Novice: 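Starting off with a structure, shown below.
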Amino acid sequence: EEVQALRTAAMYGVPLKSKDEDSQGNEGSSSGSLISRPALEPPKKIRHRINAHTGTVNCCAFSLSGGRFITGADDRTVKIWDGSTFNADRTLHGSVQGVTRVGISDNGEMAFGACNDNAARIWNMSTGRIKHTLTGHTNRIYAAEFASDSKVFVTGSNDRTLKIWDTNRGA
């Protein structure tokens with residue numbers, strides 16, 4: 001929860017208060033949390049509009065650095081975007097059905113797409129080639145994430161199971 005607050009604050013350039021500051025910046029009060037959630041104003045206008053995919057866009061995620069973002073769609077593609085120019089740097093292919101969840105490893109070396117075809121794919125970011133196709137679920141995968149060290153990957157499926165994968169071996 002606190003990591004998500006940090007990412008959100010960093011993305012919008014919002015300064016965080018310490019646990020010993022109140023809303024006026026005075027020291028001495030404590031909310032019991034190390035990080036208070038930033039009060040964000042709702043956007044007033046669209047910054048950019050991107051015609052991203054030929055099918056419904058189902059998911060998107062930023063890289064840890066915020067320099068790139070990734071999208072997945074019903075057109076069976078995963079796209080990597082430059083976070084400053086908003087141009088697609090690469091399109092990743094290999095999914096047999098729509099992509100339901102995407103992400104980039106914390107080290108920026110791998111990307112994943114979890115799919116309606118009961119499989120997840122891990123791509124090498126520098127080559128754009130599939131590193132692993134992870135099969136074993138008996139229904140659609142809706143949840144997936146790299147561990148912070150990028151050595152472990154977890155998937156969660158509509159089959160009510162979680163699977164833990166080794167990203168080096170693909171097993």
Side-chain angles (χ1 to χ4, degrees), residues 1-14 16 35 37-135 137 139-158 162-163 165 167:
E1 190 174 312
E2 290 183 0
V3 170
Q4 185 60 39
L6 280 173
R7 285 181 177 170
T8 302
M11 189 167 57
Y12 291 105
V14 176
L16 296 173
I35 299 171
R37 294 192 180 269
L40 299 177
E41 289 287 322
K44 303 258 187 292
K45 69 177 196 172
I46 297 169
R47 184 172 175 187
H48 287 279
R49 177 178 161 77
I50 303 169
N51 292 321
H53 289 269
T54 59
T56 301
V57 178
N58 296 319
C59 47
C60 58
F62 272 92
S63 64
L64 187 60
S65 70
R68 293 184 284 188
F69 63 98
I70 184 171
T71 57
D74 281 344
D75 62 9
R76 303 181 318 241
T77 64
V78 172
K79 292 189 179 185
I80 310 296
W81 303 83
D82 182 294
S84 58
T85 65
F86 304 104
N87 292 323
D89 288 338
R90 183 175 299 247
T91 300
L92 305 174
H93 298 277
S95 298
V96 178
Q97 292 184 17
V99 180
T100 57
R101 176 87 169 91
V102 291
I104 298 173
S105 62
D106 285 356
N107 65 13
E109 295 175 3
M110 296 176 284
F112 75 81
C115 303
N116 285 330
D117 63 2
N118 310 345
R121 287 159 186 85
I122 296 177
W123 286 269
N124 178 306
M125 289 281 285
S126 60
T127 66
R129 293 188 176 175
I130 292 177
K131 181 176 179 177
H132 302 294
T133 298
L134 307 172
T135 59
H137 284 290
N139 212 319
R140 296 175 177 171
I141 299 172
Y142 287 108
E145 193 65 61
F146 285 109
S148 60
D149 66 2
S150 305
K151 294 178 183 176
V152 176
F153 181 68
V154 63
T155 55
S157 169
N158 205 29
L162 294 174
K163 302 214 182 282
W165 311 89
T167 60

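Only a predicted model underlies this, so the values are computations on that prediction, with no experimental measurement involved. Counting begins at 1 with the first residue of the sequence.
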Novice: Taking all non-hydrogen atoms of both residues, which atom of Arg140 and which atom of Asn116 are closest, and how far apart?
Specialist: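 Looking at all heavy atoms of both residues, the shortest contact is CD-OD1, 3.2 Å.
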
Novice: Mind checking what makes side chain to side chain donor-acceptor pair (under 3.5 Å) contact with Thr56, not counting sequence neighbours?
Specialist: none

Novice: Going by heavy atoms in the side chains, are Cys60 and Ile70 under 4.5 Å from each other?
Specialist: no

Novice: Going through the distances and angles, do Trp165 and Val154 end up as a side chain to side chain contact (heavy atoms under 4.5 Å, CB included)?
Specialist: CA-CA 6 Å; Trp165 311 89; Val154 63; 5.8 Å; no

Novice: Do the side chains of Arg76 and His93 get nearer than 4.5 Å, heavy atoms only?
Specialist: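 Not touching, per the 4.5 Å side-chain cut-off.
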
Novice: Might you point out which heavy atoms bring Val99 and Cys59 nearest each other, and give the distance in Å?
Specialist: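 Shortest heavy-atom contact: O-SG, 3.9 Å.
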
Novice: Say whether, by atom type as modelled, one donor and one acceptor occur between the side chain of Lys79 and the main chain of Ala52 under 3.5 angstrom.
Specialist: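 Yes, the answer is positive, given that a donor and an acceptor are paired below the 3.5 Å cut-off.
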
Novice: Let me confirm one number: the OG-CD1 distance from Ser150 to Ile122, rounded to the nearest 0.5 Å.
Specialist: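 Going from the OG atom of Ser150 to the CD1 atom of Ile122 covers 9.5 Å.
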
Novice: To the nearest 0.5 Å, how far apart are CD1 in Ile141 and CG in Leu134?
Specialist: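 Nearest 0.5 Å value for the CD1-CG distance: 7.5 Å.
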
Novice: CH2/Trp81 to OG1/Thr91 distance, rounded to the nearest 0.5 angstrom?
Specialist: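 Rounded to the nearest 0.5 Å, the CH2-OG1 separation comes out at 7.5 Å.
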
Novice: Hey, mind stepping through Asn118 and Asn139 against side-chain hydrogen bond (donor to acceptor under 3.5 Å, both in side chains) and telling me if it holds?
Specialist: CA-CA 5 Å; Asn118 310 345; Asn139 212 319; 5.7 Å; no

Novice: Thr71 and His53: side-chain donor and acceptor closer than 3.5 Å?
Specialist: yes

Novice: If you round to the nearest 0.5 Å, how far is CG of Asn58 from CG of Asp75?
Specialist: 9.0 Å

Novice: Which value, rounded to the nearest 0.5 Å, describes the distance between Asn124 atom CG and Lys131 atom NZ?
Specialist: 7.0 Å

Novice: Please answer whether the main-chain N or O of Ala144 pairs with a side-chain N or O of Arg101 as donor and acceptor at a distance below 3.5 Å.
Specialist: yes

Novice: When you look at NZ of Lys45, are more than 12 heavy atoms from neighbouring residues, nucleotides or ligands closer to it than 6.0 Å?
Specialist: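 No, not enclosed.
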
Novice: Taking the side chain as everything from C-beta on, heavy atoms only, tell me whether Phe146 gets closer than 4.5 Å to Val152.
Specialist: no

Novice: Can you tell me if Thr127 uses its side chain to pair, donor with acceptor, with the backbone of Arg129 under 3.5 Å?
Specialist: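 It does hold such a pair.
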
Novice: Would you check if Ile80 and Met125 make a side-chain contact, meaning some heavy-atom pair closer than 4.5 Å?
Specialist: yes

Novice: Applying side-chain hydrogen bond (donor to acceptor under 3.5 Å, both in side chains) to His132 and Thr167, what does each step give before you reach the verdict?
Specialist: CA-CA 8 Å; His132 302 294; Thr167 60; over 6 Å; no

Novice: Quick check for you: to the nearest 0.5 Å, what is the distance between Trp123 atom CH2 and Ile104 atom CD1?
Specialist: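 Reported to 0.5 Å precision, the distance equals 12.0 Å.
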
Novice: Would you call Asp117 and Arg121 a salt bridge, using N to O less than 4.0 angstrom?
Specialist: yes

Novice: So, for Leu92 and Ala111, which heavy atoms are closest and what is the spacing to 0.1 Å?
Specialist: CD1-CB, 4.1 Å

